[in-house]
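Remarks on the structure that follows.
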Amino acid sequence: SAASDVYKRQELIRAAFKARSFAYTPYSHFKVGAALLAKNGMVYTGCNIENAGYTPTNCAERTALFKAVSEGVREFDAIAIVGSKVGEKNTLVTGPCGVCRQVMTEFCRPDEFRIILEDGRGGFITCLLEELLPMGFCPKNLGKEE
Ligand code: THU
């Protein structure tokens, strides 16, 4: 039902906030948490992990995706993402970066996978991967069917 969908999305946001508390961000102080819901019901969380070399930094979304894939799970329904600078209130939604969108499209159906973004006002907005990555280059382009 619509009500249980809202409830599940709020639970995912809550898990993303918890994951955000583990973010390692000595350089940007911008902490992100993600909670990825697999089709089997499991939730994989992730945080961003920065690095003195800057480019090795891993985003929260990819941390969550790679945790799941590395445990044999490749089918997903949704991901919740929350982000804000330490000590500041979030005013903008934290949308996934382009690299994370590309990693999502490797494993998630663009017309089904839901991205849930906390709005900083106690609510959230949701969209589909196809809205954030139209005409994405995906496994189908290389002849791989799901
Ligand atoms: N970051 C994420 O973890 N996910 C996003 O969706 C946006 C950016 C991280 C990377 C870096 O540690 C910090 O936020 C600032 O770019």
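This chain uses plain numbering: 1 for the first residue, then up along the sequence. Whatever order the structure lists ligands and atoms in, that order sets their numbers, starting from 1.
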How about N40 and E75: does a side-chain donor come under 3.5 Å of a side-chain acceptor? no
How about atom 6 (O) of ligand 1: does it have a protein heavy atom within less than 4.0 Å? yes
Between ligand 1 and P96, can you find any atom pair, the residue atom being a heavy atom, that is separated by under 4.0 Å? yes
For N48 and F30, the nearest pair of non-hydrogen atoms, with its separation, is ND2-O, 2.9 Å
Compute the shortest N/O to N/O distance between E61 and ligand 1 and return yes if it is under 3.5 Å, no if not. yes
Please report the closest heavy-atom contact between V43 and A35, naming both atoms and the distance. CG1-CB, 4.0 Å
In this structure, atom 8 (C) of ligand 1 is nearest to the protein heavy atom C59 SG, 4.2 Å
Compute whether any side-chain donor of one residue and acceptor of the other, for T63 and N58, lie under 3.5 angstrom apart. yes
Identify whether the distance between the nearest side-chain nitrogen and carboxylate oxygen of E112 and R109 falls below 4.0 Å. yes
Quick one: do F137 and V99 end up in the same hydrophobic cluster if we chain Ile, Leu, Val, Met, Phe, Trp and Tyr together by side-chain heavy atoms under 4.5 Å apart? no
Would you please determine whether G83 falls within less than 4.0 Å of ligand 1 on a heavy-atom basis? no
Considering heavy atoms of the protein only, find what lies nearest to atom 11 (C) of ligand 1 and give residue, atom and distance to 0.1 Å. E50 OE2, 3.3 Å
Of all the non-hydrogen atoms in the protein, which one sits nearest to atom 3 (O) of ligand 1, and at what distance? A60 N, 3.0 Å
Less than 4.0 Å between a side-chain N and a carboxylate O, is that true for K8 and E11? no
Protein contact to atom 14 (O) of ligand 1 [nearest heavy atom, distance to 0.1 Å]: N48 ND2, 3.4 Å
Is there at least one pair of N or O atoms, one from T25 and one from ligand 1, spaced under 3.5 Å apart? no
Any heavy atom of G95 closer to ligand 1 than 4.0 angstrom? yes
Can you list the ligand 1 atoms lying under 4.0 Å from a non-hydrogen atom of C97? 6 (O)
Starting from atom 15 (C) of ligand 1, which protein heavy atom do you reach first, and at what distance in Å? S28 OG, 3.7 Å
Any side-chain heavy-atom pair from M104 and P96 closer than 4.5 angstrom? yes
